[in-house]
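These notes are about the structure you will find just below.
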Amino acid sequence: MIGRRLFLAGLAVTATAATAAAGIRQQVRLELPAPTGPHRVGITDLHLIDTSRPDPWAPEKPFRELMVSVRYPARRVGGHPVAPHMSRALAEHFARTAAEGTVAIPPQIPVGTVDWAATRTHSHRDAPVELGGGPLPVLLHSPGHLMSRAFGSLLAEELASHGYAVVALDHTHDPTEVEFPGGRIEVNRQADPESFETFKREMAIRVVDVGFVLDQLGSRILPGALDLGSIGMYGHSLGGATTAQSMHDHPRITAGVDLDGPLGTREDPWGTVVPEGLDQPFLLFTADPSDQGHELISEFWSNLRGWRRALQMVTAAHNSFNDLVVFAPQLREAGVLSPQQMDVLVGATDPADPRADAEALRTYVRAFFDLHLRNRDEGLLDGPSPAYPQVRFTG
């Protein structure tokens, strides 16, 4: 079933994870590779409240609350501490859900095996924005189903280090946990998080979230620092579908990337974007297109009227398009995951060089937005590159 493979892939490898993790004598600490751009990176978290609607997953709440992280090039970082990948409170809750096998990432890892709060990003909390190059082009990021925005840090930091303002959304009650000011944790409230009906409803709610966040750009989000005529969006898994439909519904978004995300089935597409298509530039970057509703993606592809490109990373699996592409090899090397489990999560990434697919991901996504938001063409998207033999051009 498409839904289980894409959104709950981790659950397919639970049989030996606990056994492997039992041999770990001290908590594993994970690392993110540094971004490659010329800028240091700042980050700020914002609590946004949409008073125009009740929360669709928690109708007793009269308004919709969202948390977003904004990364951007920083003018200076002295006195501004590096932000953790997850706060202690969020990490503790995540560790419990990971131990239960209820998330789409490392399956049934016993609490205490991994110190999820120990990972440091390369983003400095509330550092001042660098505007020497003028207003910043904006990129929105929507994560996968059940996924926290934290697991998009690898790509967000890379893009911010190259001069973008990256706004990552948590779609409340869709991830397994979201932390709000004061340490309040809101959890997933979907009655059946594996059903296609849930995915379809979830995407529709996310698209409204995106419209609300677009309205906050330049007012609540980095006032005076943003180029509001240069807005892109990308997303992993269901976030990729959210990107496509958001571009359809919100034409302010002028370029988009779907990272290994489906769009429903031929009998039941998850929105209007498949039959109606898009005029804006669009990049499909997948692991295995034949395993995620290829006929529907082909229909969507045929209705893309603007610049388009389809890439396949042949060494990848579904979670190669988030932070697991670098975390899973580290978990394997520490004995937490077996080689088979790592393969299910992130494919044939060489554990001796876990950044190979991460580098390809960061480079191709940045090249796409540089081309379409900054008119900078390095030719990478013209055809296959010997520097990235794992990336095939399929359209």
Report task. Answer yes or no: is there a donor N or O on one side and an acceptor on the other, between the side chain of Gln330 and the main chain of Val326, under 3.5 Å? Result -> yes
Query raised in the report: Is the gap between the ring centers of Phe321 and Tyr234 under 6.0 Å?
Result: no
Report task. May I ask you to decide whether Asp50 forms a salt bridge with Arg53, counting only side-chain N to carboxylate O separations under 4.0 Å? Result -> yes
Report task. Validate the cation-pi geometry between Arg366 and Tyr164: distance from NZ or CZ to the six-membered ring centre under 6.0 Å, angle to the ring axis within 45°. Result -> no
Query raised in the report: For His372 and Thr254, does a side-chain donor sit closer than 3.5 Å to a side-chain acceptor?
Result: no
**Report entry** Modelled atom types, side-chain donor and acceptor of Glu157 and Ser123, under 3.5 Å
**Finding:** yes
Requested in this report: May I ask you to check whether Phe285 and Phe368 place their ring centers less than 6.0 Å from one another?
Outcome: no
Would you be so kind as to tabulate the donor-acceptor pairs closer than 3.5 Å made by side chains of residues 79-86, with sequence neighbours excluded?
unit_1	atom_1	unit_2	atom_2	d
His80	ND1	Arg125	O	3.0
His80	ND1	Asp126	O	3.3
His85	NE2	Ala150	O	2.9
His85	NE2	Asp323	OD2	2.8

**Report entry** Pairing of Asp357 and Arg362 as salt bridge, 4.0 angstrom limit
**Finding:** no
Query raised in the report: Any side-chain heavy-atom pair from Arg206 and Ser142 closer than 4.5 angstrom?
Result: yes
Requested in this report: Kindly determine whether Trp301 and Phe282 satisfy side chain to side chain contact (heavy atoms under 4.5 Å, CB included), including the steps that lead there.
Outcome: CA-CA 9 Å; Trp301 178 258; Phe282 201 83; over 6 Å; no
Query raised in the report: Would you call Asp115-Arg88 a salt bridge at under 4.0 Å N-O?
Result: yes
Query - Cation-pi geometry met for Arg29 and Trp116 (6.0 Å, 45°) - result: no
Query raised in the report: Mind checking whether Arg64 and Ile205 have side chains closer than 4.5 Å, heavy atoms only?
Result: yes
Query raised in the report: Are the ring centres of His318 and His236 closer than 6.0 Å?
Result: yes
Query - Met203 CE to Lys200 NZ distance, which is reported to the nearest 0.5 Å - result: 9.0 Å
Query raised in the report: Hey, are Asp258 and Thr243 close enough side-chain-wise for a donor-acceptor pair under 3.5 Å?
Result: no
Query raised in the report: Taking atom CG of Leu311 and atom CG of Leu259, what is their separation to the nearest 0.5 Å?
Result: 10.0 Å
Query raised in the report: Between His248 and Glu276, is a side-chain hydrogen bond (donor to acceptor under 3.5 Å, both in side chains) present by the stated rule, with each step listed?
Result: CA-CA 8 Å; His248 176 277; Glu276 296 180 9; 2.6 Å; yes
Query raised in the report: Hey, is Asp45 close enough to Arg149 for a salt bridge, meaning N to O under 4.0 Å?
Result: yes
Query raised in the report: Is any side-chain heavy atom of Leu226 closer than 4.5 Å to a side-chain heavy atom of Pro135?
Result: no
Query - Check: Leu30 main-chain N/O paired with Thr119 side-chain donor or acceptor under 3.5 Å - result: yes
Query raised in the report: Hey, is Arg184 close enough to Glu65 for a salt bridge, meaning N to O under 4.0 Å?
Result: yes
Requested in this report: Please step through side chain to side chain contact (heavy atoms under 4.5 Å, CB included) for the pair His124 and Val41, ending with a clear verdict.
Outcome: CA-CA 6 Å; His124 294 262; Val41 177; 5.8 Å; no
Query - Arg75 side chain to Val129 backbone, donor-acceptor under 3.5 Å - result: yes
Query - Distance-only side-chain donor-acceptor flag, Glu202 / His145, under 3.5 Å - result: yes
Query raised in the report: With no hydrogens and no angle check, is any side-chain donor or acceptor of Asn303 less than 3.5 Å from a backbone partner on Val274?
Result: yes
**Report entry** pair Asp249-Val208: side-chain heavy atoms closer than 4.5 Å
**Finding:** no
Query - Close side-chain approach of Asp174 to Gln190, heavy-atom, < 4.5 Å - result: yes
Query raised in the report: Could you give the distance from OG1 (Thr172) to CZ (Phe180), rounded to the nearest 0.5 Å?
Result: 3.5 Å
Query raised in the report: In terms of side-chain heavy atoms, does Ser87 have a donor or acceptor partner in Glu179 at a distance below 3.5 Å?
Result: yes
Requested in this report: List for me each residue that meets side chain to side chain donor-acceptor pair (under 3.5 Å) alongside Thr36, sequence neighbours excluded, and say none if there are none.
Outcome: Glu158, His162
Query raised in the report: In terms of side-chain heavy atoms, does Ser148 have a donor or acceptor partner in Glu177 at a distance below 3.5 Å?
Result: no
Requested in this report: Please answer whether the main-chain N or O of Ile221 pairs with a side-chain N or O of Gln216 as donor and acceptor at a distance below 3.5 Å.
Outcome: no
Query raised in the report: CZ of Phe369 to CE of Met233: how many Å apart, nearest 0.5 Å?
Result: 9.5 Å
Query raised in the report: What's the spacing between Leu169 CG and Met67 CE if we round to 0.5 Å?
Result: 11.0 Å
